[in-house]
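Okay, structure first, notes after.
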Amino acid sequence: MNTAPLTSATPDDLPRPSPGRTLHGRLPEDFLWGVATSSYQIEGAAAEDGRGASVWDTFCRVPGAVADGDTGDVACDHYHRMPEDVALIAGLGVDAYRFSIAWPRIQPDGRGRVEPRGLAFYDRLVDELLAHGVAPWITLYHWDLPQTLEDLGGWPERDTAHRFADYAALVHDALGDRVQYWTTLNEPWCSSFLGYAEGVHAPGRRDMNDALAAAHHLLLGHGLAAARLREAARGPMTLGVTLNLADHVAASASPADLAALRRADGLYNRVFLDPLLRGSYPQDLLDDLSGRGLRVPVRDGDLETISRPLDVLGVNYYNHHAFAADPVTADEPTYHAGTRFVEVDGERTAMGWPVQPEGLTRLLLRLGREYPGTPLVVTENGSAYHDPRTVPADGRVRDERRVAYLDDHLEALARAVEGGADVRGYFAWSLMDNFEWAEGYRSRFGLVHVDYATQRRTLKDSALWYRRLLSER
Ligand code: IFM
């Protein structure tokens, strides 16, 4: 166990003043504050207690797929350090902790046989959180599809949606007596388009029709799982789905660039928002796709299943892009056909992502305007930097750019609330440095520094700043 002091900093040393006094009065009284992680990014223990392989275990072994050949085999070793990590979370003063369940720990083959040791881990985690006064916020799927299901066709196969609903019901049977907050999917855009069209995330396939089928079956899986959870609910339940959404802009006001923006928005935001919140796919998107020989495999009744009311829409916001028309690729059956990114000036994070807090205000206001009636929670927001691998000798990780990023985005959120957006909570991404998918361990998103050689955790200045902000409520 880590017995070293978690930091040497004092509140007075922190870079920016806490926005607590100016922020809290502008947010709802019961605003929920949290930090977030996901299973494969932090747990490690990849081959322990009967856990099956996931698509990410396989993908990490593909030469060149992940930076530096990194894997999640050990990650933050959270599986073995869970009580210490829960104490850390509670020490920040958050109301809730958003984490995901690894499907292959619960059903090593993605169907049938249940692994009790996997369920027992999450059972202990939930109890530990509750004992510390922190509400568990469960995400059922944050990208670790059991490899056996991928071998049977993965998300492009309709059956995977039914297997997901069975798995969701199993997890709810075990934890539903103590957990109020349930998210079915995290960022289905990444699972479908990065995983099956662009091939840069697991399972690394490149076929746009497969990606569209995956997107639809993820949505169907959400709807089927949500129905099972509602039926089984034994107490108050807050049920939702989390999307990564962006406030994209056009590179110019030309009709061609505006059309590129419409297409980009369709395949990034509206492809999920419309089926979930309006019960239909956007017609302009379907027309664009069919013009390129592409289709979404919708069957009768699917959209009713997908569009049952949500208690909350989770919004993950990091940045947005400017889009211009690209006539050269216009007819290709690919994800980016007819559009291209245009570089925008300004600050960037270690991921190369532009820093655009104003986009969060616009996005939240747009959701309230165009998809009214569903409360919003920002379920992820944060920034990666090349923080040092080891903590400097004075014990301080001075991540002032992350503090500024959080401060500016919280101000942007408060402005959206003042403008009428119904935003009920905010989760910083991420609790601690972790496995950043295809980027491996290079980019650090944590409020808490992890020294991967020793697994020592150290609160960065951003963690202290967040803790002070929450203590000022
Ligand atoms: O680390 C990821 C997370 O798993 C999903 N949302 C975006 C984060 C940063 O890339």
Side-chain angles (χ1 to χ4, degrees), residues 34-44 54-57 59-60 65-68 70-72 75-76 78 97-103 137-145 183-195 198 200-203 215 218 240-247 268-269 272 313-321 348-357 359-360 363 377-387 399 401-402 405-406 409 426-450 452 462:
V35 284
T37 63
S38 88
S39 47
Y40 191 68
Q41 294 181 271
I42 65 164
E43 285 179 1
S54 82
V55 289
W56 273 95
D57 294 296
F59 190 66
C60 287
V66 174
D68 304 324
D70 286 337
T71 74
C76 307
H78 169 74
Y97 171 53
R98 175 175 178 259
F99 62 95
S100 77
I101 308 269
W103 187 349
W137 180 302
I138 287 182
T139 300
L140 287 161
Y141 186 73
H142 196 127
W143 311 354
D144 32 12
L145 182 71
T183 296
T184 52
L185 309 173
N186 180 71
E187 301 184 358
W189 180 85
C190 296
S191 313
S192 49
F193 296 113
L194 294 184
E198 302 271 281
V200 296
H201 273 195
L218 280 153
V241 60
T242 278
L243 305 178
N244 49 321
L245 299 170
D247 168 67
Y268 195 87
N269 296 322
F272 296 107
L313 174 68
V315 177
N316 291 357
Y317 176 84
Y318 289 90
N319 63 341
H320 59 248
H321 291 286
R348 282 167 193 276
T349 69
M351 301 289 283
W353 296 348
V355 177
Q356 294 148 326
L360 178 60
L363 172 65
V377 166
V378 174
T379 38
E380 284 182 29
N381 173 240
S383 52
Y385 297 104
H386 296 300
D387 298 329
D399 59 340
R401 290 178 69 197
R402 183 172 291 103
Y405 180 100
L406 294 172
H409 283 76
Y426 176 89
F427 288 81
W429 183 270
S430 175
L431 164 67
M432 56 184 160
D433 296 334
N434 57 46
F435 175 74
E436 178 51 29
W437 309 110
E439 300 298 313
Y441 294 97
R442 283 184 187 171
S443 298
R444 293 172 176 268
F445 271 94
L447 303 190
V448 175
H449 180 275
V450 176
Y452 294 113
S462 56

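First listed ligand is number 1; within each ligand, the first listed atom is number 1. If you read the sequence from its start, that first residue is 1, and numbering goes on from there.
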Next item on the list: With heavy atoms only and a cut-off of under 4.0 Å, state how F435 meets ligand 1: side chain, backbone, both or neither.
Entry: neither

Next item on the list: Determine, stepwise, if the pair E43 / H78 fulfils side chain to side chain donor-acceptor pair (under 3.5 Å).
Entry: CA-CA 4 Å; E43 285 179 1; H78 169 74; 5.8 Å; no

Note to self: Could you tell me if Y97 and T37 have a donor-acceptor pair between their side chains, going purely by distance under 3.5 Å?
What the structure shows: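 Y97 and T37 do have a side-chain donor-acceptor pair below 3.5 Å.
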
Check: With distance as the sole criterion, is a donor-acceptor pair present between the side chains of N316 and T379 under 3.5 Å?
Finding: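 A donor-acceptor contact under 3.5 Å links the two side chains.
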
Check: Mind checking whether W353 has a heavy atom under 4.0 Å from ligand 1?
Finding: yes

Next item on the list: Indicate the ring-plane relationship of W56 and W437, choosing parallel, tilted or perpendicular according to the 30° and 60° boundaries.
Entry: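 Ring orientation, 0 to 90° scale: tilted.
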
Item checked: Y40 side, atom OH; C60 side, atom SG - distance, nearest 0.5 Å ->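 One gets 3.5 Å once the value is rounded to the nearest 0.5 Å.
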
Next item on the list: Counting heavy atoms only, name the option from Y317, Y318, W143, F445 that's nearest to atom 8 (C) of ligand 1.
Entry: Y318

Notebook entry, point to check: Looking only at non-hydrogen atoms, which of E380, H142, M351 approaches atom 6 (N) of ligand 1 most closely?
Noted result: E380

Next item on the list: Apply side-chain hydrogen bond (donor to acceptor under 3.5 Å, both in side chains) to N244 and list each qualifying residue two or more places apart in sequence or on a separate chain.
Entry: Y268

Next item on the list: Give the residue and atom name of whichever protein heavy atom lies nearest to atom 1 (O) of ligand 1, and the separation in Å to one decimal.
Entry: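 Among all protein heavy atoms, the one nearest atom 1 (O) of ligand 1 is E436 OE1, 2.6 Å.
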
Item checked: W437-ligand 1 polar pair, N/O distance under 3.5 Å ->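 Looking only at distances, the answer is yes, because the N/O contact criterion of under 3.5 Å is met.
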
Check: Should Q41 be counted as touching ligand 1, given the test is an N or O pair under 3.5 Å?
Finding: yes

